[in-house]
Visitor: 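Here's a structure for you.
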2 protein chains.
Amino acid sequence: MKKSMDCSVLPSKSTEERIREAAKRVFLEKGFDGATSRDIADAAGINIALTNYYFRSKEKLFISIFEEMIQLFFNGMVDIMNKPISLREKIAELIRHDFQLMKENPSLSLFVMNEVHRNPERMVNSIGVMKQIHHSMFEEQLQQEVKQGTVRAINAIHLLPMIFCNIQFLFIGKAMHMKMWQMDEAGFDKFADNHKQLVIDMITNYLFEFEKV
Amino acid sequence: MKKSMDCSVLPSKSTEERIREAAKRVFLEKGFDGATSRDIADAAGINIALTNYYFRSKEKLFISIFEEMIQLFFNGMVDIMNKPISLREKIAELIRHDFQLMKENPSLSLFVMNEVHRNPERMVNSIGVMKQIHHSMFEEQLQQEVKQGTVRAINAIHLLPMIFCNIQFLFIGKAMHMKMWQMDEAGFDKFADNHKQLVIDMITNYLFEFEKV
DNA sequence: CAAGAATTTAAACATTTGTTTAAAAAAACC
DNA sequence: GGTTTTTTTAAACAAATGTTTAAATTCTTG
């Protein structure tokens, strides 16, 4: 049942990995309901029985991909939240990171939102990642600077959506925005890039430039 | 084929309307791919053949619902954009309207984003609504106030996403936010309501309170 | 009321879907 | 090299899905 245990040789791109990569592409594009086992097999260029040979079921394969996407979605974010840098720089970096993540995975956010909406129980397995957000240094750093008067009084639960909504909304609605403003891919890229800087300006402006007491 | 043409009596809730209402609920909750004809028939409490008797196909029924949702999504927005009120008040009203719309239709935004992403061609039939946004008074009012120096220099294509992303992102990610911050429905309502006011403050602050030349 | 039209129903239809089987091919092992 | 194990394949499976049929029921209308 198990494949070779010899770890001294680099495992040439295995069938399992090719299935994962194809499944990632297809699930991200079409969602769990819209993707068929045959879609994934075709995208991977393998026989349809192999998906179940390696992953036992479409559901199990999906969960494996979904959890990888949840990690991708949150891990970089948490890393930055724990960095020993000023709040101002931290927020700018969070936005820049989110932009880069969305640029490299344009349908990631829509995929996550959608699948969590359809089946919230799927997130229970990924509760650890979310705990990390609660236990990060972000909220206490924020409240510390609030106390010092260097930042406007606000809670992390309100600030974090403010930070992430702008970029993610752009990509969640990428198809709609492109239709609405008649942009092609290059046009959207330029638009999104400009928007990123505006958003950093707006949020830092709001947070740090205010009538201090 | 046609039902009674007598318009003098109010048409008791017709089967067609019951199907539409059920389809609306099911499609909004599960999307086109996730919803089955039998789901809709069950939700409407009617025989499964009736959906095709009245709408010819699942696709045609969906398109009918989708276009209604596009109208719901954009119409109120366009109305406010054309109101003869100050930009400051207009933006606040747009956000309040968006909040009310999302509160009454929590999965509307995710539904629209998702279905447009899956099949952008579906929006071509709804191009009229989007043209209305271009031809609204919003951009010219904005640029007029920019010229007067009462508002920060920005284009509508950047400002509009800024206005709508905050509230919509909250509801697009409602399930995720509820899991992440361990909120129940009532908790989320209160959270969203607080957030609305913060967002109005942030955006108007950014736009109108700046180092004027 | 009776004839015709519209609506509703149960059943069936052909495809598609996720999954399994059993045999073939390839790889690993002694 | 021959045996065993692992991987891959074609074919089939049952269940689900969108759709249609044809009969039954209800409504309309003269």
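Chain A is the first sequence line, chain B the second, and so forth, proteins listed ahead of strands; every chain is numbered from 1.
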Visitor: Can you tell me if A:T15 touches the phosphate of D:dT7, counting only side-chain N or O atoms and a distance under 4.0 Å to OP1 or OP2?
Guide: no
Visitor: Does the pair A:E17/A:K24 count as a salt bridge with the N-to-O cut at 4.0 Å?
Guide: no
Visitor: Could you tell me if the side chain of B:Q132 sits less than 4.5 Å from the side chain of B:F74, heavy atoms only?
Guide: no
Visitor: Does B:Y54 put a side-chain nitrogen or oxygen below 4.0 Å from OP1 or OP2 of C:dT8?
Guide: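 For C:dT8, OP1 or OP2 has a side-chain N or O of B:Y54 closer than 4.0 Å.
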Visitor: Can any side-chain N or O of A:R118 pair as donor or acceptor with the backbone N or O of B:K30 at less than 3.5 Å?
Guide: yes
Visitor: What does A:S57 touch in the nucleic acid at a heavy-atom separation under 4.0 angstrom: a base, only the sugar-phosphate, or nothing?
Guide: sugar-phosphate
Visitor: DNA chain C: A:K58 or B:L50, which has the more 5' nearest nucleotide?
Guide: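 The answer here is B:L50.
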Visitor: Within this structure, what is the OH-to-P distance between A:Y53 and D:dT6, rounded to whole angstrom?
Guide: 7 Å
Visitor: D:dT19 C1' sits how many Å from B:D39 CG, rounded?
Guide: 16 Å
Visitor: So, A:H97 versus A:F164, ring centres under 6.0 angstrom or not?
Guide: no
Visitor: Would you mind reading off the distance between A:D42 atom CG and C:dT16 atom C1', rounded to a whole angstrom?
Guide: 14 Å
Visitor: Between the protein and nucleotides 11-13 of chain D, which nitrogen or oxygen pairs come in under 3.5 angstrom?
Guide:
none

Visitor: Donor-acceptor check, side chain of B:D98 to backbone of B:L94, threshold 3.5 angstrom: yes or no?
Guide: no
Visitor: Rounded to whole Å, please give me the gap between CD1 in B:I46 and P in D:dT26.
Guide: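 After rounding, the reported distance stands at 17 Å.
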Visitor: On the 0 to 90° scale, with breaks at 30° and 60°, tag the B:F62-B:F27 ring pair as parallel, tilted or perpendicular.
Guide: perpendicular
Visitor: Would B:H177 and B:F169 count as a close aromatic pair, with their ring centres under 6.0 Å?
Guide: yes
Visitor: Can you sort out which residues in residues 18-37 of chain B have a heavy atom within less than 4.0 Å of DNA chain D? Ascending by number, please.
Guide: B:A35, B:T36, B:S37
Visitor: Is there a donor-acceptor contact under 3.5 Å linking the side chains of B:E67 and B:Q71?
Guide: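 Absent: no donor and acceptor within the cut-off.
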Visitor: With heavy-atom distances below 4.5 Å as the criterion, would you say the side chains of A:D33 and B:F32 are in contact?
Guide: no
Visitor: Roughly how many Å is it from CG in B:N52 to P in D:dT21, rounded to a whole number?
Guide: 11 Å
